[in-house]
Amino acid sequence: MTAPLDVQPTPLALLLLGRESDPKSERGVECPGDLPAPSDPDLVERARAAKAKLGERVFVLGHHYQRDEVIDFADVTGDSFKLARDAAARPEAEYIVFCGVHFMAESADILTSERQKVVLPDLAAGCSMADMATAEQVAECWDVLTEAGVADVTVPVSYMNSSADIKAFTGRHGGTICTSSNARRALEWAFGQRADGAGPQDGKVLFLPDQHLGRNTAVREMGMSLEDCVVYNPHKPGGGLTAQQLRDARMILWRGHCSVHGRFSLESVRDVRERIPGVNVLVHPECKHEVVAAADHVGSTEHIIKALEAAPAGSKWAVGTELNLVRRLADRFADEDKEVVFLDRTVCFCSTMNRIDLPHLVWALESLVDGKVVNRIEVDAETEKFAKLALERMLALP
Ligand code: SF4
């Protein structure tokens, strides 16, 4: 039987994961006060004690991709949208400690009440995909679409994995947010939004910021062709597209991707099929189109977990999503005689997700015990208003 996971972090990966890092983040943010040393033998006890002192006043959210040492202290786990909703459903919690990345903490702040304070234990925990679409770049893109005469027939659809600014842009321009679970419904809704009453076939969608989720949903789930999709490159004049290309396209995909899921390749799929005869390949829709096309099953993290829960004993699975989650799933299902392996042979942690470690969690919790709210994430009122509008449109999707 193949070992569930035969990958070990390299020294470089350990450095990227922050195991060897000092308290200064990649963004130059310094933790005020004392960040405990990773070698402190009392970290687990300190986290437990601080959480107990805070009681119902604190609610700790743990994204599926977080390290085990952090997940152990999460009150709930889930994907970013589920966690934001969980936080909103706990109004008695004054502090929401979000163990995830920056855009997730922003979404939690948008969806929670005024009196709830959202804390991100390490401000360096960003998301490379979300950072690939800035407000200025997207405003410029809209100007390009306007000049090409297509802005008035284009509806923006933004993936949850985007900054609050991009969500607000989406809300202002009549668009919606989507997750990897409801992207198809969001696109169908968007194509039906033509203000002039023309048929859905004539509309366009500007999909931000993950080109792969947009393309996979349009082609795999909605029967569009690859030719219906164009990629807008914010680093090129006019997005690198002619006005005619924009007019001919149905899906205008932003040139963004996830630096974790984008690493899986067709080669990984072929290799695992050779190594493990009869294996089911199960991947996230943030993977490249050729990987998704070669896989047996495709779905969000919640879908991946449910698929493995429902899988029969004796089945074999190669999973293409973040390594922390795959490793936990491999351990969890080993007792049920389900073999779960990581799709790729190389280490594929999300380095920014891994910025949140036990020392940062302890520091954030102990600071709250001392009455100091550190690393608070606050979205300004104007941005919040329009970002919420886009999120509410998603909640109202049929
Ligand atoms: S896994 Fe990808 S999308 Fe998720 S936080 Fe990391 S870089 Fe962003």
Side-chain angles (χ1 to χ4, degrees), residues 7 9 13 16-18 25-27 61-67 70-71 74 77-84 98-108 120-134 157-167 177-181 183 207-217 253-265 268 282-288 291-292 298-305 319-329 342-344 346-357 360 377:
V7 286
L16 286 169
L17 298 176
S25 76
E26 288 163 353
R27 291 181 177 180
L61 308 176
H63 189 271
H64 283 313
Y65 298 165
Q66 290 285 297
R67 303 160 180 263
V70 169
I71 287 288
T77 59
D79 62 18
S80 59
F81 186 58
K82 174 183 178 292
L83 291 177
F98 207 125
C99 299
V101 295
H102 194 270
F103 76 81
M104 299 178 184
E106 283 185 328
S107 299
L120 183 66
D122 186 347
L123 290 179
C127 163
S128 55
M129 180 202 286
D131 290 347
M132 287 176 196
T134 67
V157 175
S158 294
Y159 190 21
M160 194 71 188
N161 299 18
S162 57
S163 68
D165 284 338
I166 301 307
K167 290 186 176 80
I177 306 304
C178 73
T179 67
S180 49
S181 307
F207 194 89
L208 301 150
D210 182 16
Q211 59 169 304
H212 300 306
L213 177 64
R215 185 182 294 107
N216 288 329
T217 310
L253 305 169
W254 191 262
R255 192 169 183 270
H257 66 274
C258 165
S259 44
V260 173
H261 293 94
R263 287 181 59 186
F264 296 110
S265 64
S268 330
L282 171 59
V283 302
H284 194 281
E286 287 173 21
C287 294
K288 290 178 197 136
V291 173
V292 163
V298 183
S300 63
T301 46
E302 295 291 339
H303 173 96
I304 289 171
I305 294 167
V319 181
T321 191
E322 209 273 345
L323 181 53
N324 276 315
L325 175 62
V326 181
R327 202 163 55 173
R328 267 195 297 278
L329 293 172
F342 189 51
L343 176 57
D344 197 89
T346 55
V347 174
C348 204
F349 291 107
C350 173
S351 59
T352 48
M353 278 275 181
N354 272 279
R355 296 293 313 189
I356 312 289
D357 57 8
H360 282 88
I377 304 298

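Whatever order the structure lists them in is the order used to number ligands and atoms, beginning at 1. Please read these numbers as outputs of a predicted model, since none were measured by experiment. Numbering of residues begins at 1 and proceeds along the displayed sequence.
- The protein non-hydrogen atom at the shortest distance from atom 3 (S) of ligand 1 is Asn161 ND2, 3.4 Å.
- Across every non-hydrogen atom of Gln211 and Arg255, the tightest pair is NE2-CG, 4.0 Å.
- Among the atoms of Cys127, no N, O or S atom is found under 2.8 Å from atom 6 (Fe) of ligand 1.
- From Leu120, atom CG reaches atom NE2 of His102 across 6.5 Å, with rounding to the nearest 0.5 Å.
- If you check which protein heavy atom lies closest to atom 7 (S) of ligand 1, you get Ser128 OG, 3.4 Å.
- Taking CE of Met129 as the start and CG of Asp210 as the end, the distance is 3.5 Å to the nearest 0.5 Å.
- From the protein, the heavy atom lying nearest to atom 4 (Fe) of ligand 1 is Tyr65 CE1, 4.1 Å.
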Where do Phe342 and Phe264 land on the ring-ring contact (aromatic ring centres under 6.0 Å, His included) test, with the steps shown first?
CA-CA 10 Å; Phe342 189 51; Phe264 296 110; 5.6 Å; yes

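- Remark: the His261 side chain and the Thr321 side chain contain an N/O donor-acceptor pair separated by less than 3.5 Å.
- From the protein, the heavy atom lying nearest to atom 6 (Fe) of ligand 1 is Cys350 SG, 2.4 Å.
- Scanning the protein heavy atoms around atom 2 (Fe) of ligand 1, the nearest turns out to be Cys258 SG, 2.3 Å.
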